[in-house]
Every structure is written in C-alpha cells, then in structure tokens.
Protein chains: 2
Amino acid sequence: MQEQTDPPDEPSPGLVSTAIQAIIQHIRSEGLAPGDPLPSEAAMTRQLNVSRTVVREAFRSLSAMRLIDMSAGRRATVAKLDTGAMSMVIEHGITTQQISVQQVYDVRRTIEMRTVALAALRRTDHEAAAIGRSARLMRENFRNPEAVMEHDIAFHEAIAAASHNPVFSLIVTAFSGVTRRTWVIGWRTRSSDEAQLKMIKGHEDIADAILKGDPRLAAEHMAEHFDKSVKALIDAGIA
Amino acid sequence: MQEQTDPPDEPSPGLVSTAIQAIIQHIRSEGLAPGDPLPSEAAMTRQLNVSRTVVREAFRSLSAMRLIDMSAGRRATVAKLDTGAMSMVIEHGITTQQISVQQVYDVRRTIEMRTVALAALRRTDHEAAAIGRSARLMRENFRNPEAVMEHDIAFHEAIAAASHNPVFSLIVTAFSGVTRRTWVIGWRTRSSDEAQLKMIKGHEDIADAILKGDPRLAAEHMAEHFDKSVKALIDAGIA
DNA sequence: CCTCGAAAACCTGTATGACAGGTTATTATT
DNA sequence: AATAATAACCTGTCATACAGGTTTTCGAGG
C-alpha cells in the first residue's frame, strides 16, 4: 500500500503529522514566500499516498497556526507572520490557570522597555505620529473606557512596530488579548478622573520621548507606566 | 497592506472555526484544567449539529496549537502549556525570511537579561545546581559541538525555568529551534580552542552569579555573552 | 463476595465517495 | 480583440465504513 520513506521503523507519529512535516518541508525546499500557493490537496494526496482526509487535517493544522491561509476554491497560500497562534497559547495558559496575568505583565514590561527604547531610536516620523495619535485619542475619548483601551492597545502595538523588529511586534500583539481581558480592571482602580488622566499623561510622555528620540527617557516613562499598571492590578486582587 | 476582519466583512467564518471556538468556550465555561478530558467527537458532532469531519478538523487544529492532546482511542484532553506552536511560528518567520536571526537574538537578549536576573533572585538550590551542571557539561563535552549546543540550550532553558515565570520559559524555549539552526555557525567563528573555552567560561560565570544570587552580575555576564554571540553571527555574515 | 480476564462498548485514525459552491482557465461569441 | 458563457479545478462539508486503541462491563472461577 504505502511505504516509501520509513526504513527505520518508528512508532508512527501519525499520518497527519507526517503530512504536516511534508508541507513545511515543501515550503522550505521551494523557498516559498508569503502569498505563494501550495500544492492542491489532491496533488498532496497523490504525493504522500494518503487519503484526502489526512492531507486536509494537515492543511487545517497549519492554518490554525497561521502558517498558511486557506479559503474556499483557492489553493492554500503561505501566510504572513501572524500572531493568531501565539495569542491562543497565551490565552489558553491564562484560562487554564497555568500562567497569571501578573506574569504576563512582567514579560510585557521586560519587552516593552526594549521596544520603547528601540522605537525612540528607529521610529520614522510617520510612526512617531501614529504613536502620538493613539495617545491623543486616549485623552479625547477618555469618557469611553472601551475606546481608551483600544487606543491604549494600538499605542503599544505601534511602539512595537516602530522598533522595527517583527518578533517584538509578534509578542506584544499576542499579549493584546490578555490586555483586553484585564485592562478595565486597572482602569477602575483609578477611580478619580485625575488618576485616569494621569495615566493618560503617562502615555503622552512616552510618545513625546519617542518623538524626541530619547530612548532613556522613553524607557523610564514606560517603566513607570508598567509599575503603576501592575500596582493597580495587585490592588484589584489579580493574582 | 492588510485588510480582513474589518467592518462589513465576515460572511462565513466557516464551520470549523465555529467548532474551534465552541471547544475553547467549553474549556473555559467548564473551567477545565490540563489533563481534563474533552467531549468525544461524536458528542461534539451532535451538540454542534455538524459532521464529524468538521469536529475532527477543529480538534486537530487545537492539537496543532498544542492546546489539547489527542491520542488514538482516548478522548482528547486539555494540554499543558507547550511551546510547540510558538516555535513553529518563529521558524516559519525565519524560513520565509520575514524575520532575521539577528532579530531573534535581540529579543532573546532582551528576555534573557531579565530571566537571568530573576533566576538569581528566585532560583532554588536545585535549579542553581541544574544550571551549573549544564555549564559544566558544556566544558566536559567541548570537543563535541553538537553536545555543547544541546547543553547550551538546556542551560538557557534552565535559567528561564528558574525565573519562575512560565511565560519566559515559553518564549525562550520557542527560540531553541532557531538556536539549533544557527548555533554551530557561531561556534565555528570561534576558531581557536581558546575562544571556544572563553565562551564556555562565560556560561560558568553566569551560573556562578545565579548561584551567588547576584542579579546585577548575572545580567552583566549574560549581556556580554549575547553581545559576543551576535558579533559572531555578524562576522559569519548572518543578516 | 472478590478477583481476574475476556467480551462489549466507545473512541479515535484513516479511507472512500459524493456533492455544493467558489475560483480560475478555456472557449465560444460578438 | 473584448467579453460572456462554460468547463475544469479546488476547497468545504457530509455520510459511511472499518481498523485498531481504551475503557467498561460482566461473568466465570476461586
């Protein structure tokens, strides 16, 4: 029936895993770039000599990790770097209580202390403007917590983007989901308008430092921001 | 640029995506912990009123992201936090040239400067011993680059573990795959025995600082280690 | 009544065939 | 040569079947 590349008898990892590896191998050996099309399911079925069921589950797995894009009628294509999978992993860790929100914040702080410094050094004018704009929109919408949160998230993602290192962007964006779940808690602990506006001011200070191109100052403001955020979460009883 | 998932556009997320969400939702609403069993495919098929094909592809997707564990005959179970998916994403980014090795090293440096400091503060005696052991094994096997590399990777993962923040472990471990691909390059640029032993000495210094519980010193040595590694990669022409 | 082992009942892994509906290539028509 | 109709592909979903693990059940024997 089917036996072609299995001289050393292994404890079968399953046909699907094999198919996944074959597809990844195909991407590598062909040097495919994002957007390039992969073989059709039928072609892969013939090549691997397995059923379409297996090939489909393999494609679907890669799609779940956002390594490829699938859509009806079209062949699957190599995907652009995307945070989807990473985000799911983090969320899973939180919902199953394997990691705490505070631990995520510690990682965020560590990473964003760096992204903010890099952003100050490498940001384009356009990026600096986008960062400033998010900060401004936080203030303008400050009566609408939901909007403030979204601009806050956009603010941090914009800084990561301005670091010009997509790996930082990837990680920061992956944490955005967690932020959406906990942000409002921190906001509520800042009970007075004054406290809330002060927090927004902190963002503006960061944006200014990036605009001025001062990495040290930017990192200082970012550290302060995180320290206050973590304190707010602790005050609210988030483990 | 990027467009999808915006204002008017979401005709059909597909039955599989729906099923995936349903399963995740089940995990959350039931408060399942790692090891807990999920409903059988048949049960899910009835509940969602879709074919087993769809349910299976959903399970398989979650399995690909390592959110659940599947094995023949047994029901799927909630998985422990695992680096599998994250690792694949990073590797994909590298093979498709969306991120560079140097960018990964910059992230590693950022993160490990923190893990090493945390390790110095929070390591148990057992963890300190494990870290020291890896460093020692590097020296003992120093004629066998492959072995040195594996102990090097174990060294960094042990430090991350000693930080007592699983998110750091997750990220550091996710990068191990990339390290395996490039490590030997850095090793070769250290052409003399002397240079190679110096690099190993660097690891021992880090281990000592952690043992002594001196976070500042540990971070210093780690920084030095990364600076030299990155320099080695650059000298070797790794973009 | 308890123990142990075998059958039964479930479950997942893989294969096959079918068909709807989307997308691309081909061809016929103007 | 531009365009519209059509054929050829391709993916999404369903139904069915069966092999081979795993757990449960239950009866035979002590």
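No experiment lies behind these values; they were computed from the predicted model shown. Quick note on labels: first sequence line is chain A, next is B, and so on, each numbered from 1.
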Review point. Side chains of A/V78 and B/H92: closer than 4.5 Å at any heavy-atom pair?
Key: yes
Review point. In whole angstroms, how far is the C1' atom of D/dG21 from the CZ atom of B/R75?
Key: 15 Å
Check your understanding: With a 3.5 Å cut-off and no angle check, do the side chains of B/T179 and B/R108 form a donor-acceptor pair?
Key -> yes
Exercise for review: Compute whether any side-chain donor of one residue and acceptor of the other, for A/E140 and A/H151, lie under 3.5 angstrom apart.
Suggested key: no
Check your understanding: Is it the case that B/E112 and B/H225 place a side-chain donor and acceptor less than 3.5 Å from each other?
Key -> no
Review point. Counting side-chain heavy atoms from C-beta on, which of C/dT14, D/dT13, C/dC11 comes nearest to A/V54?
Key: C/dT14
Review point. Any idea which of D/dT13, D/dC10, C/dG13 is nearest the B/A72 side chain?
Key: C/dG13
Point to revise | d(CG, A/D69; P, C/dT23) in whole Å | key: 15 Å
Practice item. Let me know the distance between CE of B/M44 and P of C/dC10, rounded to the nearest Å. Key: 19 Å
Exercise for review: Could you tell me whether the side chain of B/R52 has a donor or acceptor atom within less than 3.5 Å of a complementary atom in the base of C/dG13?
Suggested key: yes
**Study point:** Short side-chain N/O contact to D/dT13 OP1/OP2 from A/R60, under 4.0 Å
**Key:** yes
Review point. Please give, in whole Å, the distance from C/dT12 P to B/L38 CG?
Key: 10 Å
Check your understanding: In whole Å, what is the span from the CZ atom of B/R46 to the P atom of C/dC11?
Key -> 8 Å
**Study point:** Polar contact flag, side-chain donor to acceptor under 3.5 angstrom, A/Q102-A/S100
**Key:** no
Study note, to complete from the structure: Of the listed D/dG12, C/dC11, D/dC14, the closest approach to the B/T53 side chain comes from D/dC14
Point to revise | Distance in angstrom units between B/L48 CG and D/dC14 P, rounded | key: 10 Å
Review point. B/M70 has an atom CE; how far is it from atom C1' of C/dC11, in whole Å?
Key: 11 Å
Point to revise | Closest-nucleotide 5' rank along DNA chain C - winner of A/S71 and B/S40 | key: B/S40
Study note, to complete from the structure: Out of C/dT12, D/dT23, D/dC14, minimum distance to the side chain of B/E41 belongs to C/dT12
Check your understanding: Can you check the A/L15 CG to C/dG13 C1' distance for me, whole Å?
Key -> 8 Å
Exercise for review: Look at A/S51 and C/dT14 and indicate whether a side-chain polar atom (N or O) is within less than 4.0 Å of OP1 or OP2.
Suggested key: no
Point to revise | Phosphate contact (C/dT12 OP1 or OP2) by B/R56 side-chain N/O below 4.0 Å | key: no
